There are 2 protein chains.
Amino acid sequence: MKEKVTIYDIAKALNITAATVSRALNNNPKISEATRTLVIETAKKMNYEQNRFALALKSGKSNNVGVVVPFINRNFFSSIIRGIEEELYPKGYHVIICQTHEDTKKEEETVQNLLNAQVDGILMSVSKTTQQLRHFKKVLKSNTPLVFFDRIKEIDGVSTVTIDDFQGGYIATKHLIDMGCTRIAHATVDLALDIYKYRFEGYKEALNDHGIPFKEEYIIKTKSDIDAGEKAIKKLMKLKNAPDAIFSASDFAALGAIQELTKLGVKVPNEFAVVGFSNEPFTQFMELSITTVDQSPVEMGKMAARVFLEQMKEPTLKIMKKVELSPELIVRKSSSSLTAKQQTNI
Amino acid sequence: MKEKVTIYDIAKALNITAATVSRALNNNPKISEATRTLVIETAKKMNYEQNRFALALKSGKSNNVGVVVPFINRNFFSSIIRGIEEELYPKGYHVIICQTHEDTKKEEETVQNLLNAQVDGILMSVSKTTQQLRHFKKVLKSNTPLVFFDRIKEIDGVSTVTIDDFQGGYIATKHLIDMGCTRIAHATVDLALDIYKYRFEGYKEALNDHGIPFKEEYIIKTKSDIDAGEKAIKKLMKLKNAPDAIFSASDFAALGAIQELTKLGVKVPNEFAVVGFSNEPFTQFMELSITTVDQSPVEMGKMAARVFLEQMKEPTLKIMKKVELSPELIVRKSSSSLTAKQQTNI
DNA sequence: TTGTATGCGTTATCAA
DNA sequence: TTGATAACGCATACAA
């Protein structure tokens with residue numbers, strides 16, 4: 001049975017009162033050194049363990065934080081969660097995870113559930129389909145710290161941790177330009193999401209900075225999967241003035257693009273260079289490894305956790321912090337025959 | 001502020017007592033229909049939400065379960081967690097995740113923490129290094145349901161969910177035999193872990209069933225990474241009677257093997273067939289896709305969750321259940337030029 | 001059917 | 001320095 005030892009048991013054993021035991025256990029200054037050590041010793045002897053529910057009821061804090069992502073088994077998100085867990089565990093917090101399946105309805109419900117469970121904070125990446133912000137306002141109203149990572153919404157009072165997607169798009173495109181490409185296409189996913197919008201803008205800016213005219217026909221809106229990449233290439237290669245490179249906002253689409261190019265007999269990277277985005281694990285494992293932009297998701301998770309912790313330190317004032325991490329270009333074979341050799345060593 | 005509405009507030013507003021409110025809200029039969037609806041309505045109107053801490057303190061149940069894995073950002077584990085979450089969320093449970101980093105010390109500490117947090121159950125995959133079982137005994141003694149998945153320890157009273165690794169090893173090896181291979185090597189990882197031991201035994205049994213003599217020199221103990229696979233091939237191909245196939249208990253080692261074979265000019269699969277294990281995402285994305293054994297991790301997670309739920313239904317009796325899922329061979333290019341075409345469509 | 005009283009395990013306030 | 005008591009919010013045994 002769950003015969004847990006309470007401070008009353010200790011008190012009884014020592015012929016003192018529970019209040020004294022509590023004080024001894026909590027480093028309360030108003031207690032003699034003698035009783036303190038005595039209490040601590042017998043507590044250990046009796047295998048005392050604090051009842052967290054009672055503490056939670058008393059203090060109003062659960063020492064749990066909720067993390068909400070579309071799917072946990074996506075490398076990007078599970079890596080972020082890893083970062084969060086590693087940062088928060090040593091501070092005594094437990095991480096509760098929930099998935100939205102990219103469904104706003106589920107997201108709203110989940111957030112409400114987390115609030116009901118009285119988590120001390122919510123860290124999340126918003127679903128693609130989310131437009132309404134009611135549920136986030138509710139979180140703020142309940143005075144629970146809210147931190148967005150990667151996929152954010154601009155809400156007053158909500159801290160955010162992102163990578164600089166604009167810069168990501170910029171360095172990816174600039175790299176292709178540096179490699180001698182002049183007709184650079186771009187595969188984007190969903191311009192309603194800021195991350196894709198900014199990558200697109202970085203792409204345009206890089207073209208502009210290097211005197212390459214922007215061409216609407218080079219922009220393909222796709223999904224983030226292999227099939228989408230194949231279709232994109234099919235469409236692009238039919239153009240009169242077909243591109244000689246593509247910057248894909250998705251690694252999966254980049255992979256599909258490469259497969260389709262190979263099928264069409266177009267040599268990658270010599271005749272056509274490809275750059276993806278996200279540094280999915282598979283990009284480095286391919287025989288033709290894929291150049292991509294790393295988002296350091298573990299670091300992003302740690303940062304989100306740190307922002308939360310900061311907020312907890314100052315429960316009175318509303319801190320609103322915007323952290324932007326720098327993306328890193330990882331050059332591999334799909335865009336650079338020269339560096340191919342160096343990048344093979346995994 | 002966190003001015004939460006309590007049942008006392010509702011009681012006051014309705015000029016009744018908190019007990020009545022509580023009864024109305026909990027579908028207690030001892031109450032009139034009239035007051036019930038009245039209470040429920042005003043509760044909704046006042047935005048009442050149950051305080052979970054009070055409930056937890058009263059009932060001793062947190063509605064949280066702890067899930068412990070070595071690393072959450074491994075595809076296999078994050079997929080299991082996904083399954084657990086999807087099964088448990090609808091039942092009102094929240095999933096707390098913790099990582100052990102394959103460190104027994106951390107594992108012990110984590111389990112203790114979870115116990116302190118008074119989770120209603122612990123679902124876990126044990127760390128590679130774990131020998132001592134003290135911390136598991138503690139869980140049982142506290143009467144908390146414990147379910148092991150994939151990497152298990154035999155402990156009385158602990159339910160387990162695994163895949164049939166023996167069968168996995170068997171069908172992988174049999175497939176290679178069916179493809180005409182006769183000198184089949186095996187790369188294993190850590191025979192101290194049951195999963196690898198059973199895969200190895202399945203391999204031996206398959207050889208035996210088909211009249212192929214077992215050769216100690218074909219067995220390589222490696223790590224589960226690319227480098228290990230390369231080293232394994234280097235060693236194997238130096239043998240007088242070099243193998244013509246390898247069944248690797250790790251997809252990563254299988255990939256390393258393929259890379260090294262390619263470097264050595266050995267044609268895969270025509271001259272040498274390779275089969276991995278786990279169905280890591282990258283295995284299907286390679287140009288030379290890798291034949292592997294799928295463990296249906298999401299299903300495994302769901303099953304572990306279901307076993308936990310069953311246990312919760314019967315808190316009085318100790319249920320001990322052993323569930324074994326069937327692995328599925330996924331034939332791809334690395335072992336079968338014939339089926340290569342069909343398997344390309346991802 | 002409803003009200004009263006108590007306990008779940010802690011911590012904090014006040015008094016001694 | 002320690003003890004007594006109340007409070008956190010809820011559920012329930014018992015009384016009415």
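These numbers come from a predicted model, not from an experiment. Note on naming: letters A, B, ... go to the chains in the order of the sequence lines (proteins, then strands), and numbering restarts at 1 for each one.
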Please determine if [X] and [Y] form a salt bridge, counting it only when a charged side-chain N lies under 4.0 Å from a carboxylate O.
| X | Y | answer |
| --- | --- | --- |
| Glu299(B) | Arg306(B) | yes |
| Glu310(A) | Lys313(A) | no |
| Arg151(A) | Glu102(A) | yes |

Quiz item: How do Ala19(A) and Arg36(B) order along DNA chain C: which one's closest nucleotide is nearer the 5' end?
Solution: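 Looking at the nearest nucleotide for each, Arg36(B) comes out on the 5' side.
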Quiz item: Do Lys61(B)'s NZ or CZ and the ring of Tyr93(B) fall within the cation-pi criteria of under 6.0 Å and 45°?
Solution: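 No, Lys61(B) does not sit over the ring of Tyr93(B).
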Quiz item: Tell me, which pairs form a ring-ring contact (aromatic ring centres under 6.0 Å, His included) where one or both residues lie in residues 98-123 of chain B, sequence neighbours left out?
Solution: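 Qualifying pairs: Phe71(B)-His101(B).
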Exercise. Give the angle between the helix axes at the two ends of the helix from dT1(C)-dA16(D) to dA16(C)-dT1(D), taking five base pairs at each end and rounding to 10°.
Key: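 Angle reported: 50°, given to the nearest ten degrees.
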Show me the donor-acceptor pairs, under 3.5 Å and distance only, between side chains in residues 23-30 of chain B and residues at least two apart or in other chains.
{"from": "Asn26(B)", "atom 1": "ND2", "to": "Ser22(B)", "atom 2": "O", "distance (Å)": "2.7"}
{"from": "Asn26(B)", "atom 1": "ND2", "to": "Ser22(B)", "atom 2": "OG", "distance (Å)": "3.4"}
{"from": "Asn28(B)", "atom 1": "OD1", "to": "Lys30(B)", "atom 2": "N", "distance (Å)": "2.9"}

Quiz item: With a non-hydrogen cut-off below 4.0 angstrom, is Thr35(A) in contact with a base, only sugar-phosphate, or nothing?
Solution: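 It contacts sugar-phosphate atoms only.
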Polar-atom pairs under 3.5 Å, protein N or O versus N or O of nucleotides 8-10 of chain C: list them with distances, or write none.
{"from": "dT10(C)", "atom 1": "OP1", "to": "Tyr48(A)", "atom 2": "OH", "distance (Å)": "2.5"}
{"from": "dT10(C)", "atom 1": "OP1", "to": "Asn51(A)", "atom 2": "N", "distance (Å)": "3.2"}
{"from": "dT10(C)", "atom 1": "OP2", "to": "Ile7(A)", "atom 2": "N", "distance (Å)": "2.8"}
{"from": "dT10(C)", "atom 1": "O5'", "to": "Tyr48(A)", "atom 2": "OH", "distance (Å)": "3.3"}

Show the distances under 3.5 angstrom between N or O atoms of the protein and N or O atoms of nucleotides 14-16 of chain C.
none

Quiz item: Rounded to the Å, how far apart are Asn27(B) CG and dT1(C) C1'?
Solution: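 Going from CG in Asn27(B) over to C1' in dT1(C) covers 16 Å.
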Quiz item: What residues, two or more places apart in sequence or in another chain, satisfy side chain to side chain donor-acceptor pair (under 3.5 Å) together with Arg82(A)?
Solution: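 Arg82(A) satisfies side chain to side chain donor-acceptor pair (under 3.5 Å) with Glu86(A), Asn73(B) only.
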